[in-house]
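See below for the structure under consideration.
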Amino acid sequence: FRRYQELPDSDKLFILPCELIDKNGMKLNEAVLKYAEHWGFEPGFNKWLFEKANFYNTLVDRIVPGYPNERAEKYWRELGYKDELIVEAEIFHLWVIEGPDEIKEKLPTQAADLNVVFTDNLDKYRTRKVRILNGAHTCLVPVAYLYGLDTVRESVENQLIGSFIRSAITEEIIPSLDGEKSELQAYADEVIDRFKNPAIQHELITISLNSFSKFKTRVLPSILGYYKNEGKLPTFLMTSLAALLYFYRGKRFNQNIELKDEPKILDLLRALWSALSTEPKDIEKLVNEVLANKELWEQDLNEIPGFSELVSRQVYNIHNQGMGKVVQSLL
């Protein structure tokens with residue numbers, strides 16, 4: 001708005017948000033217009049915004065665990081000074097920008113040999129990344145954590161849990177996707193290799209933040225797509241959902257799990273687990289109530305034949321047999 005006031009005739013803006021949500025440029029544009037209305041800006045601002053500000057959808061693909069708490073002092077010694085803004089990230093990077101060739105001229109990333117893709121449709125890049133990379137992360141967390149592991153790297157390198165996540169990707173996620181299967185598999189292989197990066201320590205518990213919303217956007221579409229394509233439910237992905245419900249019981253062995261999610265979700269699961277024993281009929285009741293919650297899933301998942309029965313059975317098995325034996329039985 002200040003730019004509109006001071007430089008009404010300036011060159012147009014190219015606005016590239018990086019938030020990992022679908023149609024991030026369109027949503028940011030909508031948010032700006034809502035604030036303009038909320039703050040009572042003059043109508044001329046909206047006209048100027050339409051003419052002078054272009055919002056473009058983008059996709060960022062890079063694993064960034066964040067601030068390296070345990071290794072910060074080591075890096076400070078290497079740098080020769082104390083830097084409290086360092087961020088740990090993998091070398092791999094991809095930025096996909098959806099928009100006209102004009103952006104290339106304004107942002108000549110090719111001159112710096114950066115892995116930036118300009119396209120007129122980023123849907124295939126987003127779907128591939130969200131369903132395979134992010135979906136694998138989300139599937140892995142409750143299974144690996146309940147098994148007793150703490151990081152992504154040790155999880156994929158563990159013979160049992162590593163086999164679980166590779167099977168989930170290759171046998172269930174990829175078959176749920178459109179596109180050339182060999183290309184999808186090549187991307188999946190690259191993702192697993194990235195998960196093994198010895199230079200980063202990606203904690204499972206940090207990925208567990210807001211797991212229900214992540215599961216809904218990253219994994220549920222693969223479950224539904226597999227069911228549509230194959231006519232049956234994907235057992236690895238369904239077991240991950242069962243593990244997620246058991247994860248929100250808040251216990252790993254005899255230790256409390258520091259759950260981080262929306263209060264209403266934590267309250268719901270806390271109330272359900274505290275009110276029920278772990279008898280099969282009680283677990284079925286808990287599972288049915290969670291799957292029926294349209295605020296969580298935007299649909300009643302109990303309506304899918306066999307869905308609640310499979311999740312209930314696996315929750316019961318996790319409780320009575322342990323995560324390791326459940327995974328072993330799948331493999």
Side-chain angles (χ1 to χ4, degrees), residues 62-71 88-90 92 131-173 188-215 218-219 222-223 234-261 266 269 273 278 311 314-331:
R62 195 180 202 191
I63 298 171
V64 184
Y67 187 77
N69 291 296
E70 297 178 0
R71 294 169 300 287
E88 193 170 61
E90 64 175 339
F92 176 90
R131 299 272 285 275
I132 295 178
L133 188 147
N134 299 118
H137 267 160
T138 301
C139 280
L140 184 66
V141 166
V143 175
Y145 196 80
L146 292 174
Y147 182 70
L149 303 172
D150 293 310
T151 68
V152 171
R153 181 189 175 193
E154 65 179 332
S155 300
V156 297
E157 291 183 342
N158 179 276
Q159 184 174 355
L160 189 66
I161 303 304
S163 296
F164 172 89
I165 197 59
R166 287 183 182 86
S167 298
I169 295 171
T170 299
E171 298 177 24
E172 297 180 350
I173 295 177
D189 292 341
E190 184 179 52
V191 163
I192 292 296
D193 193 50
R194 291 163 62 188
F195 286 175
K196 293 180 181 179
N197 189 336
I200 60 176
Q201 298 296 318
H202 207 174
E203 302 285 338
L204 296 172
I205 201 66
T206 63
I207 304 173
S208 73
L209 174 69
N210 297 330
S211 282
F212 268 90
S213 65
K214 288 177 178 175
F215 199 96
R218 299 174 173 184
V219 185
S222 293
I223 293 176
T235 52
F236 290 99
L237 300 183
M238 297 292 287
T239 298
S240 179
L241 178 55
L244 178 64
L245 267 60
Y246 199 74
F247 180 85
Y248 273 67
R249 176 172 168 261
K251 293 281 186 182
R252 176 168 76 163
F253 311 126
N254 294 319
Q255 297 177 328
N256 290 330
I257 299 174
E258 188 180 354
L259 300 171
K260 293 184 179 180
D261 213 315
L266 295 177
L269 272 297
W273 277 113
T278 49
V311 176
Q314 292 298 64
V315 171
Y316 180 79
N317 289 338
I318 291 168
H319 179 73
N320 287 280
Q321 300 174 19
M323 198 72 248
K325 288 188 177 180
V326 170
V327 172
Q328 185 67 57
S329 68
L330 292 177
L331 296 169

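- Counting only heavy atoms from C-beta outward, the side chains of S155 and L204 approach each other to under 4.5 Å.
- Proximity of a side-chain donor or acceptor of S240 to a complementary backbone N or O of C139 within less than 3.5 Å is detected.
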Exercise. N210 and K260: side chain to side chain donor-acceptor pair (under 3.5 Å), yes or no, with the steps?
Worked result: CA-CA 6 Å; N210 297 330; K260 293 184 179 180; over 6 Å; no
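- Qualifying ring pair (Phe, Tyr, Trp, His ring centres under 6.0 Å) partners for H137, counting only residues two or more places apart in sequence or in other chains: F195, H202.
- In this structure, T138 contributes its side chain and G135 its backbone to no donor-acceptor pair below 3.5 Å.
- A donor-acceptor contact shorter than 3.5 Å is absent between the side chain of Q314 and the backbone of T239.
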Exercise. Step by step, would you call R71 with Q201 a side chain to side chain contact (heavy atoms under 4.5 Å, CB included)?
Worked result: CA-CA 10 Å; R71 294 169 300 287; Q201 298 296 318; 3.6 Å; yes
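- Put simply, CG on N197 and CD on E88 are 8.5 Å apart, with the number rounded to the nearest 0.5 Å.
- Judged purely by atom type and a 3.5 angstrom limit, R252 uses its side chain to pair as donor or acceptor with the backbone of Y145.
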For this session: List the steps, then state whether side chain to side chain contact (heavy atoms under 4.5 Å, CB included) holds for D150 with E203.
Result: CA-CA 6 Å; D150 293 310; E203 302 285 338; 4.2 Å; yes
Exercise. Could you go step by step and tell me if I161 and V156 meet the side chain to side chain contact (heavy atoms under 4.5 Å, CB included) rule?
Worked result: CA-CA 6 Å; I161 303 304; V156 297; over 6 Å; no
For this session: Carefully, step by step, assess I132 and I169 under the rule side chain to side chain contact (heavy atoms under 4.5 Å, CB included).
Result: CA-CA 7 Å; I132 295 178; I169 295 171; 4.2 Å; yes
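- You'll find the side chain of Y246 reaches within 4.5 Å of the side chain of W273, heavy atoms only.
- Remark: side-chain polar atoms of T151 are paired, donor with acceptor, to backbone N or O of E154 under 3.5 angstrom.
- Counting only distance, with no hydrogens or angles, the side chain of K214 and the backbone of L209 share a donor-acceptor pair below 3.5 Å.
- Take F212 and apply the ring pair (Phe, Tyr, Trp, His ring centres under 6.0 Å) test, not counting sequence neighbours, and it matches Y248, W297.
- Checking side-chain atoms of E172 against main-chain N and O of L237 turns up a donor-acceptor pair under 3.5 Å.
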